[in-house]
Asker: 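Sharing a structure with you now.
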Amino acid sequence: MNKMTVENVEVNSKKVVVRVDFNVPVNKGQVTNDKRIRAALPTIEYLTGQGARVILISHLGRPKGEFRPEMSLKPCAAVLEKMLGRPVQFVENCVGEIAEQAVETMQDGQVILLENLRFHDGETKNDSEFAASLAGLGQLYVNDAFGTAHRAHASTVGICQYIQPCVAGYLMQKEIQYLGNVVQNAERPFVAIIGGAKISGKMDVMANLLGKVDNLLIGGAMAFTFLKARSINVGRSMIEEDKISLAARLIESWPEKIALPVDCVVTDKLDPAEQVLGALETVRVEAIGPSQIGVDIGPETIALFSGILEGARTVVWNGPMGVFEIDAAAEGTMAVARMLADITGRGAVTVIGGGDSAAAAEKAKVADRLSHVSTGGGASLAFLEGKRLPAIEALTDLGT
Ligand code: ADP
Ligand code: MG
């Protein structure tokens, strides 16, 4: 990586503005999943250990520029305090007099967490005045918020105009290393698995990956648009009509690389929101009935995909193989997750991108047996598309 990191700068006694991604689920004032807070610990602990004055900034949810009590970052301060084993002062605004005063009285090694950036609409608008106010709080800037690295906001991009140097934290570094290096310099065989439901959002990812991988395994709802492109009737399975011709072109360009399901689990009733599934049946993909909906890959497909994954040295996985939230339709996803854990144990590098895929890896209880589970959904997809992420671009180059 050609960007400066926390280890390239002197931080002792410095006021350091640290952009973290504490965009966690909160229910009735309680953080219900603290994974993202935990992911920022290495950077925070390093900085406090070096005697820095750590000023944490983050967004939470989409309050659209207004104060919304249920989107306050306050519950995160308590969680972080426990994890760090040291006090974390919560400050009720991220700019203005309250924030400035809180920073003024900080001691070396102290941590404060400022209120949600998105209570100000200058954040998402990348407003320069707002960015300058944030920058004015500190003497240097650390970005450890990979989850928002694909967005040019005031706290991720604008701020870098007003404060130098701007360096990457440990989480940011790790994400760049796995999603960047793995994809650029993958050891072969290199296999990508794409599934899930965001079909149009992932077409560019597939097109980019097809140029690099040895095999692309397609499952989830995604597969039905591709099966349809091969003139297979997919009943009432989820497809995107306007992506069929693009799917057909990808199959035509890379016939030897693309693997599609040969069988699937179908039902005639699916309501994911209500966790409702009708009776299930496993059929060959050519035999999907007109009223049937594919909800998972079948056993023959699991065997086909496992055979390809068996010998893989690098795997990138984005998107579950079925409606894994419902146990009866989770087997394909769980089997793939367990397979990845197995090959990781044998020395393969396995990288998961995407919020639901990360949740699936957790459901399969293999998240800690994979090489890297990305904390960023949209950001990891943008990376896999081969795009440059604005917040990474904005960091200070090494050697400047
Ligand atoms: P990620 O967050 O990992 O990028 P997506 O958001 O694209 O993944 O897709 C995840 C969603 O896809 C899950 O909620 C899952 O229920 C849904 N899904 C997977 N397979 C199917 C299918 N065959 N039909 C309908 N929805 C599906
Ligand atoms: Mg998702």
Side-chain angles (χ1 to χ4, degrees), residues 23 25 33 35-36 146-147 150 179 192-206 208-209 217-228 232 234-240 243 247 260-278 280-283 285 288 291-298 301-302 305 315-337 340 350-364 366-367 370 372-385:
N23 183 25
N33 184 334
K35 208 172 58 183
R36 284 184 163 161
F146 179 75
H150 58 315
L179 291 164
I193 313 166
I194 301 283
K198 278 177 276 170
I199 299 161
S200 41
K202 294 182 184 180
M203 281 295 191
D204 291 342
V205 176
M206 288 194 270
N208 181 47
L209 286 175
L217 316 182
I218 304 178
M222 194 71 79
F224 298 103
T225 298
F226 282 80
L227 290 169
K228 185 96 195 197
I232 290 171
V234 297
R236 291 194 296 126
S237 303
M238 181 192 283
I239 58 163
E240 280 187 28
K243 296 295 168 194
L260 291 173
V262 290
D263 62 348
C264 62
V265 178
V266 293
T267 182
D268 40 29
K269 193 164 168 213
L270 169 66
D271 184 347
E274 300 294 321
Q275 298 246 324
V276 172
L277 265 190
L280 298 174
E281 193 188 334
T282 300
V283 297
V285 291
I288 300 173
S291 68
Q292 291 180 318
I293 307 162
V295 292
D296 196 7
I297 55 174
T301 307
I302 293 176
F305 286 5
V315 179
V316 173
W317 179 23
N318 175 279
M321 298 291 98
V323 187
F324 76 102
E325 296 91 339
I326 306 177
D327 289 348
E331 188 42 39
T333 305
M334 297 299 107
V336 165
L340 294 195
T350 52
V351 180
I352 312 288
D356 290 291
S357 315
E362 270 174 35
K363 179 167 176 157
V366 299
L370 305 168
H372 180 63
V373 180
S374 177
T375 53
S380 67
L381 281 180
F383 225 133
L384 296 177
E385 269 174 53

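Keep in mind that the numbers below use all heavy atoms, side chains included, and drop hydrogens, waters and symmetry copies. Whatever order the structure lists ligands and atoms in, that order sets their numbers, starting from 1.
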Asker: Is A197 close to ligand 1, meaning an N/O of one under 3.5 Å from an N/O of the other?
Answerer: yes
Asker: Would you call K363 and D356 a salt bridge, taking side-chain N to carboxylate O under 4.0 Å as the test?
Answerer: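 Between D356 and K363 there is no salt bridge, as every charged N stays at least 4.0 Å from the carboxylate O atoms.
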Asker: Would you indicate whether the side-chain heavy atoms of P261 and F226 approach each other to under 4.5 Å?
Answerer: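 When only atoms from C-beta onward are counted, P261 and F226 do not touch, as no gap falls below 4.5 Å.
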Asker: Report the part of E325 in contact with ligand 1, treating N, CA, C, O as backbone and CB onward as side chain, heavy atoms under 4.0 Å; options are side chain, backbone, both, neither.
Answerer: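 E325 to ligand 1: side-chain contact only, backbone stays beyond 4.0 Å.
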Asker: Starting from atom 21 (C) of ligand 1, find the nearest protein heavy-atom neighbour and note its residue, name and distance.
Answerer: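 The protein heavy atom lying closest is A221 N, 3.5 Å.
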Asker: What is the distance from atom CD of E362 to atom CD1 of I352, rounded to the nearest 0.5 Å?
Answerer: 11.0 Å
Asker: Find all atoms of ligand 1 within a distance of less than 4.0 Å from any non-hydrogen atom belonging to P320, and give their numbers and elements.
Answerer: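 Counting atoms of ligand 1 from 1, those under 4.0 Å from P320 are 3 (O), 8 (O), 10 (C).
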Asker: For the residue pair V366 and L340, establish whether any side-chain heavy-atom pair is separated by less than 4.5 Å.
Answerer: no
Asker: To make sure I understand the geometry: which N, O or S atom in D356 is closest to the Mg ion (ligand 2)?
Answerer: OD2
Asker: Quick check: do V283 and D263 have side-chain heavy atoms less than 4.5 Å from each other?
Answerer: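 No, side chains not in contact.
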Asker: Check whether any side-chain heavy atom of N23 sits under 4.5 Å from a side-chain heavy atom of R36, and report yes or no.
Answerer: yes
Asker: Do I218 and M206 make a side-chain contact, defined as non-hydrogen atoms from C-beta onward lying under 4.5 Å apart?
Answerer: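 With C-beta onward as the side chain, the pair touches.
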Asker: Above 12 or not: heavy atoms from other molecules or residues under 6.0 Å from NZ of K269?
Answerer: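 Not more than 12 within 6.0 Å, no.
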Asker: Nearest protein heavy atom to atom 19 (C) of ligand 1, by residue and atom, and its distance?
Answerer: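 Of the protein heavy atoms, G322 O, 3.1 Å lies nearest.
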Asker: Starting from atom 26 (N) of ligand 1, find the nearest protein heavy-atom neighbour and note its residue, name and distance.
Answerer: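 Here the closest protein heavy atom is V323 CG2, 3.8 Å.
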Asker: Is there side-chain contact between S374 and F383, with heavy atoms separated by less than 4.5 Å?
Answerer: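 Answer no - side chains too far apart.
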Asker: List every atom of ligand 1 that sits less than 4.0 Å from any heavy atom of G294, numbering the atoms from 1 in the order shown and giving each element.
Answerer: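 Atoms satisfying the 4.0 Å criterion: 22 (C), 23 (N), 24 (N).
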Asker: Please report which non-hydrogen protein atom sits nearest to atom 10 (C) of ligand 1, along with the residue it belongs to and the distance in Å to one decimal place.
Answerer: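 Atom 10 (C) of ligand 1 sits closest to the protein heavy atom D356 OD2, 3.5 Å.
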Asker: Could you say whether the N/O atoms of L381 and ligand 1 ever approach to under 3.5 Å?
Answerer: no
Asker: Would you indicate whether the side-chain heavy atoms of I193 and M321 approach each other to under 4.5 Å?
Answerer: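 Yes, side chains in contact.
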Asker: Could you tell me, atom by atom, which parts of ligand 1 come under 4.0 Å of a heavy atom of G220?
Answerer: 20 (N), 23 (N)
Asker: Taking 4.0 angstrom as the limit and counting only heavy atoms of F224, give me the atoms of ligand 1 inside it, by number and element.
Answerer: 23 (N)
Asker: Taking C-beta and beyond as the side chain, do V205 and I194 meet within less than 4.5 Å on heavy atoms?
Answerer: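 They are in contact (side-chain heavy atoms under 4.5 Å apart), so the answer is yes.
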Asker: May I ask whether M222 places a heavy atom under 4.0 Å from ligand 1?
Answerer: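 Distance cut 4.0 Å: M222 fails for ligand 1.
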Asker: What protein heavy atom sits nearest atom 4 (O) of ligand 1, and how far away is it?
Answerer: K202 NZ, 3.0 Å
Asker: Return the residue, atom name and 0.1 Å-rounded distance of the protein heavy atom closest to atom 3 (O) of ligand 1.
Answerer: S357 OG, 2.5 Å
Asker: Give the atoms of ligand 1, by number and element, whose distance to some non-hydrogen atom of G319 is under 4.0 Å.
Answerer: 3 (O), 8 (O)
Asker: Can you tell me which portion of K198 lies within the under-4.0 Å heavy-atom range of ligand 1? Options are side chain, backbone, both, or neither.
Answerer: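 Answer for K198: both.
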